[in-house]
Amino acid sequence: IPKTGGSTLKDIIADCHFKVVANEEGIADGHDQDMDLQLVDVGGYGRAKYVNVDTTTIEGIDRAVQLGLVRSNLADVIVTPYLYESELLFKNGS
């Protein structure tokens, strides 16, 4: 399968534009067990900041909804392959 540039784009957004990203990187080092939202530095990724949720899985989206990801305004960019399911992040003041 040819490379589509998704990983490169995420790296540019986080490392070059200094935007806070919500994606699978944020749960590294056990941060999927955190009880509240927070920004995390993931080793080896320069100055990139991530929110401690994984918006690339259905379970992670559910967790992000429960923790109030959108309401928190922590993430500048939310990355997910689940377009329809991620709608829940933006409903009812989630």
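Just so we're clear, the structure is a prediction, and the values are computed from it rather than from any experiment. One is the number of the first residue; the rest follow in order along the sequence. FYI, side chains are in, hydrogens and waters are out, and symmetry mates aren't considered; it's all heavy atoms of this structure.
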* To do: For the residue pair Phe90 and Ile78, establish whether any side-chain heavy-atom pair is separated by less than 4.5 Å.
  => yes
Give the cluster check for [X] versus [Y]: same hydrophobic cluster or not, with ILVMFWY residues linked at side-chain heavy-atom distances below 4.5 Å.
X	Y	result
Ile12	Tyr50	no
Leu9	Val21	yes
Val65	Leu74	yes

* With side-chain contact (heavy atoms from CB on, under 4.5 Å) as the test, would you mind laying out the steps for Tyr82 and Ile58 before giving the verdict? => CA-CA 7 Å; Tyr82 296 103; Ile58 299 297; 3.5 Å; yes
* Structure fact -> For residues 75-87, the salt bridge (Lys or Arg N to Asp or Glu O under 4.0 Å) pairs (sequence neighbours left out) are Glu87-Lys91
* Any salt bridge (Lys or Arg N to Asp or Glu O under 4.0 Å) involving residues 51-66? Give me the pairs, sequence neighbours left out, ordered by first then second residue. => none
* Can you check side-chain contact (heavy atoms from CB on, under 4.5 Å) on Lys10 and Val79, steps first, answer last? -> CA-CA 8 Å; Lys10 289 186 285 185; Val79 177; 3.7 Å; yes
Which heavy-atom pair separates [X] from [Y] by the least distance, and what is that distance?
X	Y	result
Thr80	Thr55	OG1-O, 2.6 Å
Leu67	Val53	CD1-CG1, 4.2 Å
Thr56	Pro81	CA-CD, 3.7 Å
Gly26	Val40	O-CG2, 3.6 Å
Ile13	Val77	CG2-CG2, 3.7 Å
Asp41	Lys49	OD1-NZ, 2.7 Å

* Please step through side-chain contact (heavy atoms from CB on, under 4.5 Å) for the pair Ile61 and Leu69, ending with a clear verdict. => CA-CA 9 Å; Ile61 290 171; Leu69 173 62; over 6 Å; no
* Decide side-chain contact (heavy atoms from CB on, under 4.5 Å) for Val51 and Val20; before the verdict, give the C-alpha distance in whole Å, the side-chain angles of both, and the deciding distance to 0.1 Å. => CA-CA 7 Å; Val51 183; Val20 176; 3.6 Å; yes
* Asked: Under the 3.5 angstrom rule, does the side chain of Asp34 hit a backbone N or O of Asp36 as a donor-acceptor pair?
  -> no
* To the nearest 0.5 Å, how far apart are CD in Gln33 and CG in Asn52? -> 11.0 Å
